[in-house]
Amino acid sequence: MRFSEKVWQLCRKVPKGKVTTYKEIAAAMKTKAYRAVGNALNRNPMTLFAKGSIQKRDIVPCHRVVGSDGSLVGFARGLGKKAEMLRKEGIKVKNNKLVNFEEALYTYYGKRKV
DNA sequence: CGCAGTCTAGCAC
DNA sequence: GTGCTAGACTGCG
């Protein structure tokens with residue numbers, strides 16, 4: 001479970017109006033299981049995991065997590081919903097893809113130089 | 001476009 | 001308790 005918890009915390013670290021990628025999260029935890037990251041986000045956070053450092057009030061904003069391409073991959077609630085939420089946060093989405101992706105991209109390493 | 005790599009969670013035995 | 005399958009992904013051919 002440690003894995004999932006870490007994923008959620010990293011997700012919560014993402015400020016509003018910003019997004020992150022599975023790759024970044026996985027890299028932040030020194031892993032390469034991008035799939036496992038998404039998997040953890042998919043199953044656990046939605047069910048509210050009030051345990052340990054995780055606060056039930058602070059659910060994981062899984063909608064702020066996008067693919068490495070800045071595309072709205074996955075999301076069981078519906079990509080359209082995800083896009084809408086992101087747009088409300090100030091992130092522009094076009095055709096299930098982030099317009100200002102790199103602009104709104106939040107990295108745990110500080111910065112990412114193109 | 002299709003296959004391989006990586007990790008966790010769930011189900012079956 | 002151990003083993004196999006499936007999955008919100010990514011990278012290479």
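Sequence lines set the chain letters: A, B, ... in the order given, protein chains first and strands last, and positions in each chain run from 1. Heavy-atom basis, side chains included; hydrogens, waters and symmetry copies ignored.
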Read 5' to 3' with Watson-Crick or G-U pairs under 3.5 Å, [ ] for crossing pairs and | for partners on another strand, DNA chain C gives |||||||.|||||
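Nearest heavy-atom pair across A:Lys94 and A:Val99 is CB-CG2, 3.7 Å.
Taking side-chain N and O atoms only, A:Ser68 has a distance below 4.0 Å to OP1 or OP2 of C:dT10. Regarding contacts with the backbone of C:dC9, every side-chain N or O of A:Thr21 stays at 4.0 angstrom or more from both OP1 and OP2. At C:dA8, none of the side-chain N or O atoms of A:Lys82 fall inside 4.0 Å of OP1 or OP2 (strictly under the cut-off).
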Quick test: give all pairs of protein nitrogen or oxygen and nucleotides 3-6 of chain B nitrogen or oxygen below 3.5 Å, distance rounded to 0.1 Å.
residue: B:dG5; atom: O6; partner: A:Arg35; partner atom: NH1; Å: 2.8

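Atom pair A:Leu86:CG and C:dA8:P shows a separation of 18 Å (rounding to whole Å applied). Rounded to a whole Å, the CD atom of A:Glu5 is 13 Å from the P atom of B:dT8. We find that NZ of A:Lys23 is positioned 9 Å from P of C:dT10, with the value rounded to whole Å. With rounding to whole Å, A:Asn42 atom CG is found 14 Å from B:dC7 atom C1'.
Between C:dC9, C:dG11, B:dC7, one nucleotide has an atom nearer to the side chain of A:Phe3 than all others, and that is B:dC7.
A search for ring-ring contact (aromatic ring centres under 6.0 Å, His included) contacts involving A:Tyr106 returns A:Tyr108, not counting sequence neighbours. Taking the salt bridge (Lys or Arg N to Asp or Glu O under 4.0 Å) definition, one finds that A:Glu84 meets it with nothing, sequence neighbours left out. By the side chain to side chain contact (heavy atoms under 4.5 Å, CB included) test, A:Lys6 pairs with A:Leu10, A:Met29, sequence neighbours left out.
A donor-acceptor pair is defined here as one N or O able to donate and one able to accept, closer than 3.5 Å; no such pair exists between the side chain of A:Arg12 and the backbone of A:Val60.
Results of the side chain to side chain contact (heavy atoms under 4.5 Å, CB included) test with A:Lys82 over A:Val66, A:Asn96, A:Val93 single out A:Val66 as the only residue that passes.
Residues A:Phe101 and A:Leu79 share a single hydrophobic cluster, defined by chaining ILVMFWY side chains whose heavy atoms lie under 4.5 Å apart.
At least one side-chain heavy atom of A:Val73 sits under 4.5 Å from a side-chain heavy atom of A:Tyr22.
Pairs engaging residues 62-76 of chain A under the salt bridge (Lys or Arg N to Asp or Glu O under 4.0 Å) rule: A:Arg64-A:Glu89 [sequence neighbours left out].
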